[in-house]
Amino acid sequence: MAQATSMLEKTYDPKQFESEIYQKNISNFYPNNENNKCFSILMPPPNVTGSLHLGHALTYTIQDILIRYYRQNRFNTLWQPGIDHAGIATQMVVEKDLIANGINPKELSREEFIEKTWEWKNQSGDKIFEQQKALGCSAPWELSRFTMDENFSKSVIEAFVVLYKNGLIYKAKRLVNWDNKFQTAISDLEIQNKEENGILWHIKYQLENSNEFITIATTRPETMFGDTAIAVHPDDERYKYLVGKVARIPYTDRLIPIIADGYIDMEKGTGCLKVTPAHDINDFAIGKRHNLEMISILDKYGNMVPGYTPKFLEGLYLKKARKLLLEKLKEDQLLVKEEEITHTLPYGDRSGTVIEPMLTDQWFVDAKRLADAAIKAVEEGKVRFYPEKWKNTYFEWMKNIEPWCISRQIIWGHQIPAWYGPNGEIFVEKSEQEAIEAAKKADIAGDQLTRETDVLDTWFSSGLWPFATLGWPEQTKMSQMFYPTTTLVTGFDIIFFWVARMMMMSMYFMNEIPFKDIYVHALVRDEKGQKMSKSKGNVMDPLSLMEEFGADALRFTLAFLSVPGRDIKFGKEHVKISRNFITKIWNAARFLQSKGVPFENNISSIILTSDLNKWIITKLKKFQIEIDQNIKEYRFDYATRNIQFFIRDIFCDFFVEAIKIIDNAETKAIAGAVFAEFLRIANPFIPFITDYLANVLGIAETLIFSSSDNVLKLELYENAESEVDKLISIIHSLRSEKQITEELKNQIDDLSGELKKIAESII
RNA sequence: GGUCAUAUAGCUCAGAGGUAGAGCACUACGUUGACAUCGUAGGGGUCACAGGUUCGAUCCCUGUUGUGACCACCA
C-alpha cells in the first residue's frame with residue numbers, strides 16, 4: 001500500500017487523474033477458447049483520408065464499451081478493424097496533393113497514379129489508428145484490413161464475377177447521375193439535393209408550316225437541342241388540337257412532334273413540356289414510352305457537343321451556353337417570360353457541382369433482386385434495429401430500391417474485371433488469363449482484348465466487409481467463429497449506403513445475415529443543435545478534448561448523451577462535468593488508500609456481519625444487474641447514469657462517509673473490495689483511470705479480463721438494505737430540518753447500534 | 001407531397017397510468033479525516049395546445065401547432 005501511495009502522488013497531481021499516458025499494451029484479440037461464446041463487431045472502416053471527429057469518437061466509444069464488456073465476461077471477441085479506400089474522396093485528395101507538389105495528375109498514367117496513391121496511403125493511412133488508440137479503442141489492430149489489399153481485392157473480384165455470371169450485374173446504357181467535375185457516374189445516394197432560387201424561362205417554338213408558336217417552360221434552355229418532342233396532357237383543351245403537329249427547335253432544322261402523355265401536369269409551367277430524354281430522368285421515361293430518339297448534347301465535361309448544337313454554342317460549357325442562348329432568344333423575341341421559382345437541384349456530395357443526368361454505358365447491380373432476402377431477414381426478426389424505428393427507414397428504401405450504378409470513371413478503386421473483344425464482346429472473369437481463355441473459345445485472340453477501365457463504387461467493396469474481412473471466399477476459422485457478427489454499431493446516415501448493401505451482399509453470398517443487432521446511434525451536433533461542419537467552423541476536435549479533459553471524460557460524456565432516438569447536442573461543458581466525475585473517483589481512491597483500506601480481497605469471501613456492509617453489497621449487486629441489463633439493451637445513457645449514481649450517491653455520499661465513523665476491519669475490507677468491483681464494472685466505459693487505479697492499488701494488472709462472476713454470486717440483503725435506506729432518509733430529514741424532532745429521535749432510537757452511531761454523528 | 005421522430009425546470013436531458021426527476025445555472029451555508037474539479041440545504045415546472053379513454057392522464061388514443069430528420073418530385 002505504501003508503495004501505491006507513492007505512485008499516486010509521485011506521478012500525478014494528487015487531486016486529479018491525468019489520463020493521457022496510461023495505455024495498456026495488451027493484444028486485444030481475445031479468443032480464449034474456454035467456451036464457444038462469441039461476440040463480434042465490425043468496426044465501420046473509416047476512410048483512408050479520414051481523421052477522427054466526434055461522430056467517430058461516439059461510434060468507437062460505444063463499440064469499445066461493448067467489446068470490453070463482453071471480453072471481460074469471457075466471450076471470444078473480435079472487433080474487426082480496417083480502412084476503406086474511399087475511391088473518389090481519396091483520388092481527390094491525392095490529386096490535390098500532387099498538384100501542390102507541382103505534378104499534373106492528368107499527365108500520369110493509370111499505373112503511375114495508382115502508385116502515387118499507394119505512396120500517399122502508406123504515409124498517411126494509419127493516422128486514424130493512432131487516434132483510435134488514444135480514445136482507448138481496444139481492437140486487435142494486427143488484424144486490420146484495407147479494402148484495396150490483395151486478399152480483399154480478390155474477394156471483391158470474386159463477388160463481381162459471381163454476380164455477373166448469375167445475371168445480377170449487367171451493363172447498360174442508361175441515364176445516370178453524372179459529375180462534371182470528376183467526370184464519373186455516381187449513385188443516387190451520393191447526391192445531395194439543395195433548394196435554390198431559379199428561373200423558369202418560357203420559350204416559343206414555331207410550329208412548322210404555320211405562324212403559330214408553342215411555348216414551353218424550362219429551367220435548362222440549353223438542353224433544347226436535345227429535345228425530341230414536346231408533350232402536352234391528352235385532356236388539355238388548350239393544346240389538344242396541336243397533338244400530331246410538329247415544331248421546330250429554334251436555330252436548328254430539327255422538327256419534333258407534339259405528343260400527348262398523361263405524365264404532363266397541366267398546372268405546371270405552360271402545360272407544355274419539352275422532352276429531352278438524354279438529359280432528364282422523367283423525359284427519359286416519356287421517351288421510352290413514345291419511342292423517341294435520345295440525343296446527348298453534352299460531353300463528359302458538360303460542354304456542348306457539335307452536331308445537334310448550333311454553331312454559336314458549340315464547345316461551350318453548359319452555363320455559358322445557357323447565358324448566350326438566352327440573350328439570343330431574347331433578341332429574337334422567342335423568350336417570352338422569365339418566372340422566378342424555387343427548385344431543388346442535385347449536387348454531388350463530394351464535388352459540390354450540379355449533377356447532370358447523362359446517357360452513358362454503366363455497370364449496374366440488380367438491387368431489386370438482392371433486396372428481397374435482405375428485407376425478409378429484418379421482417380422475420382433475424383436482424384433487429386435498435387431503436388426499432390429505423391427499420392421503417394430501411395424498409396422504405398429497400399422496397400423501392402433502384403438499380404445500383406456501380407461503375408465509376410476514376411482510377412483509384414477495384415478495376416472491373418471485364419475484357420472487351422473487338423466487336424464489343426464482354427468477358428467477365430477473375431483474371432486476365434481466364435478472360436483470354438474464355439475469349440479463345442469465342443475465337444478471339446487474347447491480344448485483341450482490352451480491359452474495362454472503370455472501377456467499382458467504394459460501397460460495393462464495403463458491402464462485402466462482414467465476410468470479406470474474415471477471408472471469404474475461403475472458409476476460415478475466423479468466419480466460423482465470428483460470422484454472423486453480433487452487433488453493428490453505426491449512424492443512421494449510412495443505413496442505405498452501407499447497412500443495406502451489407503445486408504444484400506451477405507444474404508446473397510453467405511446465405512446468412514451479417515449481424516444480429518444493428519444499434520443506430522445519434523448524430524453529434526454542436527451545442528445549438530447544428531450539424532458540425534468545417535464550413536460553419538463549429539467542429540470540435542476529439543483529440544484536443546481528450547488532451548484537455550482526458551479520454552475517459554470524453555468517452556463517458558458520449559455514452560451519457562447517447563439517448564436513443566435523439567441527436568446529441570454536444571458541448572464542452574458536458575466533458576468538463578464528466579472530468580469532474582472522473583476526479584471524484586480518483587479522490588475516493590485516494591481517501592480509501594489513506595485509510596489503509598485493503599483492495600485485494602475477493603468480495604465473495606468476506607464474512608458480513610453488519611447491516612451497513614450488507615447494504616453496500618446489495619447495492620453493488622443491483623448495480624451490476626442494472627449494468628448488465630442496460631448493456632444488453634444498448635442503453636449506454638442509463639449505464640453511465642448507473643455508474644454515476646453508484647459511486648457518487650451510494651458509495652461516496654453515504655458509505656465512505658460512514659467509514660469515517662465505523663472503521664472496523666470488516667467495513668474496510670468491504671470498502672476496498674466494493675471499490676475494486678466498481679472499477680471493474682466501470683472499466684469498459686472509462687478504461688484509463690480504472691485500469692490505472694486497479695494497477696497501482698494492487699487489484700489487478702489490468703481489469704480487461706476480469707469478469708462479473710463474483711458480484712453475481714453475492715446475496716441480496718433486502719432487510720439490511722431497507723434499514724440503511726431508512727437511516728439515509730433520517731439523515732436527510734435531520735439536515736433539512738436543522739433540529740431534532742421527537743419523531744426523528746424515536747426513529748433514531750429504533751436503529752441498530754452501528755447505524756445509530758452514524759445517525760448520532762450527524763446530530 | 002410521403003414517412004419517421006420530437007415537444008417536461010432558465011439550459012441540456014431522464015422519467016412512470018396515481019406526491020414531477022438529474023446535471024448545469026441560480027440562492028444560502030460550509031474548507032470539522034478524499035474531493036471547492038467538492039459537500040449540505042434551498043428556490044424554480046398548467047409536463048406545447050385541444051378533445052377522448054379512465055375513478056384518475058404529463059404518460060394511452062385522436063387532432064392541432066411548433067421543431068427536426070429522411071425519401072420522392074418540381075416544366
Side-chain angles (χ1 to χ4, degrees), chain A residues 8 13-17 188-189 193 195 198 200-203 215-221 223 230-232 263-276 280-283 339 341-346 387-397 399-400 402 492-493 495-496 522-523 525 527-531 549 553 560-561 563-571 573-574 576-595 597 635 637-638 640-641 644-645 648-649 652-653 656-657 659-661 663 731-738 761-762:
Chain A
L8 278 179
D13 172 355
K15 290 192 176 176
Q16 184 177 352
F17 174 62
D188 297 345
L189 289 177
N193 288 310
E195 194 162 274
L200 189 60
W201 288 282
H202 295 236
I203 296 166
T215 305
I216 55 89
T218 181
T219 53
R220 302 204 44 200
T223 64
I230 291 174
V232 298
Y263 165 77
I264 307 308
D265 184 339
M266 291 186 266
E267 308 294 315
K268 277 184 188 162
T270 60
C272 303
L273 175 71
K274 70 191 260 308
V275 182
T276 324
D280 184 280
I281 290 167
N282 293 305
D283 293 9
E339 190 183 336
I341 54 156
T342 58
H343 61 154
T344 322
L345 286 180
E388 213 186 344
K389 64 166 182 171
W390 292 111
K391 116 183 150 180
N392 297 323
T393 309
Y394 173 83
F395 283 142
E396 196 192 316
W397 191 72
K399 288 180 180 173
N400 300 302
E402 294 289 323
F492 60 81
D493 48 331
I495 288 180
F496 304 144
L523 207 68
R525 298 170 173 279
E527 47 218 313
K528 290 177 199 137
Q530 291 185 311
K531 219 167 172 168
F549 299 109
F560 189 89
L561 295 176
V563 176
R566 204 191 259 267
D567 277 349
I568 293 178
K569 282 186 197 169
F570 188 94
E573 198 56 27
H574 283 293
K576 191 175 151 194
I577 293 162
S578 301
R579 190 272 321 268
N580 294 354
F581 173 65
I582 300 291
T583 306
K584 182 89 181 163
I585 297 171
W586 176 253
N587 281 307
R590 285 175 63 230
F591 175 71
L592 294 177
Q593 195 186 41
S594 73
K595 287 285 286 180
V597 158
R635 294 304 303 257
D637 54 332
Y638 286 178
T640 45
R641 281 167 175 81
Q644 234 177 24
F645 185 75
R648 194 183 49 207
D649 298 58
C652 290
D653 286 359
V656 168
E657 290 306 316
I659 290 183
K660 293 176 183 172
I661 298 141
D663 72 341
I731 291 173
H732 281 297
S733 307
L734 276 174
R735 280 173 176 158
S736 62
E737 293 181 24
K738 291 183 179 117
S761 77
I762 305 290

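Here the structure is a predicted model, which means the values were calculated and not measured. Just so we're on the same page: letters track the sequence lines, and every chain starts at 1.
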Picking from rA69(B), rG2(B), rA72(B), which would you name as closest to the side chain of Asn193(A)?
rA72(B)
Between rG33(B), rG2(B), rG23(B), which nucleotide has the shortest distance from any of its atoms to the side chain of Glu396(A)?
rG2(B)
Measure the distance from NZ on Lys595(A) to P on rG33(B) and round it to the nearest whole Å.
10 Å
Under the side-chain contact (heavy atoms from CB on, under 4.5 Å) test, which residues partner Arg641(A), sequence neighbours left out?
Phe560(A), Asp637(A)
Has the side chain of Glu657(A) got a donor or acceptor atom sitting under 3.5 Å from an opposite partner on the base of rA34(B)?
yes
Considering only side-chain heavy atoms of Phe496(A), which listed nucleotide, rC70(B), rC35(B), rA75(B), is closest?
rC70(B)
Between Arg220(A) and Phe581(A), whichever has its closest RNA chain B nucleotide further toward 5' is Phe581(A)
P atoms of rC47(B) and rU19(B), separation to the nearest Å
13 Å
Can you tell me which stems RNA chain B forms, taking runs of 3 or more consecutive Watson-Crick or G-U pairs with both distances under 3.5 Å?
B:1-7 with B:65-71, B:10-13 with B:21-24, B:26-30 with B:38-42, B:48-52 with B:60-64
Those residues at least two apart in sequence (or on a different chain) that pass salt bridge (charged side-chain N to carboxylate O under 4.0 Å, His left out) with Lys531(A) are none
How many Å lie between CD on Glu339(A) and C1' on rA75(B), as a whole number?
9 Å
Taking the C1' atom of each, how far is rA22(B) from rC29(B), in whole Å?
22 Å
Can Val597(A) and Phe591(A) be said to form a side-chain contact (heavy atoms from CB on, under 4.5 Å), step by step?
CA-CA 9 Å; Val597(A) 158; Phe591(A) 175 71; over 6 Å; no
Rounding to an integer number of angstrom, what distance separates rA69(B) and rA28(B) when you compare their P atoms?
42 Å
With a non-hydrogen cut-off below 4.0 angstrom, is Ile577(A) in contact with a base, only sugar-phosphate, or nothing?
sugar-phosphate
Not counting sequence neighbours, which residues clear side-chain contact (heavy atoms from CB on, under 4.5 Å) with His343(A)? List them please.
Thr219(A), Ile341(A), Leu345(A)
What residues, two or more places apart in sequence or in another chain, satisfy ring pair (Phe, Tyr, Trp, His ring centres under 6.0 Å) together with Tyr394(A)?
Phe385(A)
Can you say whether a donor on the side chain of Lys660(A) sits under 3.5 Å from an acceptor on the base of rA34(B), or the other way round?
yes
On a whole-Å scale, what distance lies between the P atoms belonging to rA72(B) and rG66(B)?
25 Å
Select base, sugar-phosphate, or nothing to describe what Tyr263(A) touches, counting heavy atoms under 4.0 Å on all strands.
base
Please state how far atom CG in Asp649(A) lies from atom P in rC38(B), giving the value in whole angstrom units.
14 Å
Between rA16(B) and rG21(B), how far apart are the two C1' atoms, rounded to whole Å?
11 Å
Sugar-phosphate, base or nothing in reach of Ser594(A), heavy atoms under 4.0 Å
nothing
What's the gap between rC24(B) and rA36(B) when it is taken at their P atoms, as a whole Å value?
15 Å
Closest non-hydrogen atoms of Val275(A) and Ala231(A), given as atom of the first, atom of the second and distance, are CG2-CB, 3.7 Å
Can you measure Arg648(A) atom CZ to rA22(B) atom C1' for me and round it to whole angstrom units?
8 Å
To check you understand the geometry: which heavy-atom pair defines the closest contact between Ala217(A) and Gly269(A), and what is its length?
CB-CA, 3.9 Å
Would you mind telling me which of rG68(B), rG39(B), rA75(B) lies closest to the side-chain atoms of Asp653(A)?
rG39(B)
Measure distances between side-chain N and O atoms of Lys584(A) and base N and O atoms of rC35(B), and say whether any donor-acceptor pair falls under 3.5 Å.
yes
Give, for atom CD1 of Ile582(A) and atom CG of Asn587(A), the distance between the pair rounded to the nearest 0.5 Å.
12.0 Å
Heavy atoms from other residues, nucleotides or ligands near CD of Glu657(A) exceed 12 (cutoff 6.0 Å)
yes
Lys389(A)/Phe492(A) under side-chain contact (heavy atoms from CB on, under 4.5 Å): CA gap, chis, key distance, verdict
CA-CA 11 Å; Lys389(A) 64 166 182 171; Phe492(A) 60 81; over 6 Å; no
Round to a whole Å and report the spacing from NZ of Lys389(A) to P of rC4(B).
11 Å
What nucleotide among rC73(B), rC4(B), rC35(B) has an atom nearest to a side-chain atom of Lys268(A)?
rC73(B)
Given RNA chain B, 5'-ward residue of the pair Lys576(A) and Ile264(A), judged by closest heavy atom
Lys576(A)
Please state the C1' separation for the pair rU32(B) and rG44(B) - nearest whole angstrom.
32 Å
Roughly, in whole Å, what's the span from CZ in Phe570(A) to C1' in rG23(B)?
15 Å
Could you give the CD-to-C1' distance, from Gln644(A) to rU37(B), as a whole number of Å?
14 Å
Calculate the interatomic distance between Phe492(A) atom CZ and rU6(B) atom P; express it in whole Å.
14 Å
Atom pairs under 3.5 Å, N or O on each side, protein against nucleotides 10-14 of chain B: can you list them with distances?
residue, atom, partner, partner atom, Å
rC13(B), OP2, Lys569(A), NZ, 3.3
rC13(B), O3', Arg566(A), NE, 3.4
rA14(B), OP1, Arg566(A), NE, 3.1
rA14(B), OP2, Arg566(A), NE, 2.9
rA14(B), OP2, Arg566(A), NH2, 3.0

By nearest atom, which of the nucleotides rA75(B), rC35(B), rG42(B) is closest to the Ala217(A) side chain?
rA75(B)
Output yes when at least one side-chain N/O atom of Asn580(A) is less than 4.0 Å from OP1 or OP2 of rC38(B), else no.
yes
Taking the C1' atom in each of rC38(B) and rU46(B), what is the distance between them to the nearest angstrom?
37 Å
Heavy-atom pair with the smallest gap, counting every atom of Lys569(A) and Leu561(A)
O-CD1, 4.2 Å
The glycosidic conformation of rU6(B), counting syn as within 90° of 0 and anti otherwise, is anti
Taking atom types as they are modelled, is there a donor-acceptor pair under 3.5 Å from the base of rU40(B) to the side chain of Arg735(A)?
no
Is it true that, when you exclude Lys576(A) itself, more than 12 heavy atoms of the residues, nucleotides or ligands shown sit nearer than 6.0 Å to its NZ?
no
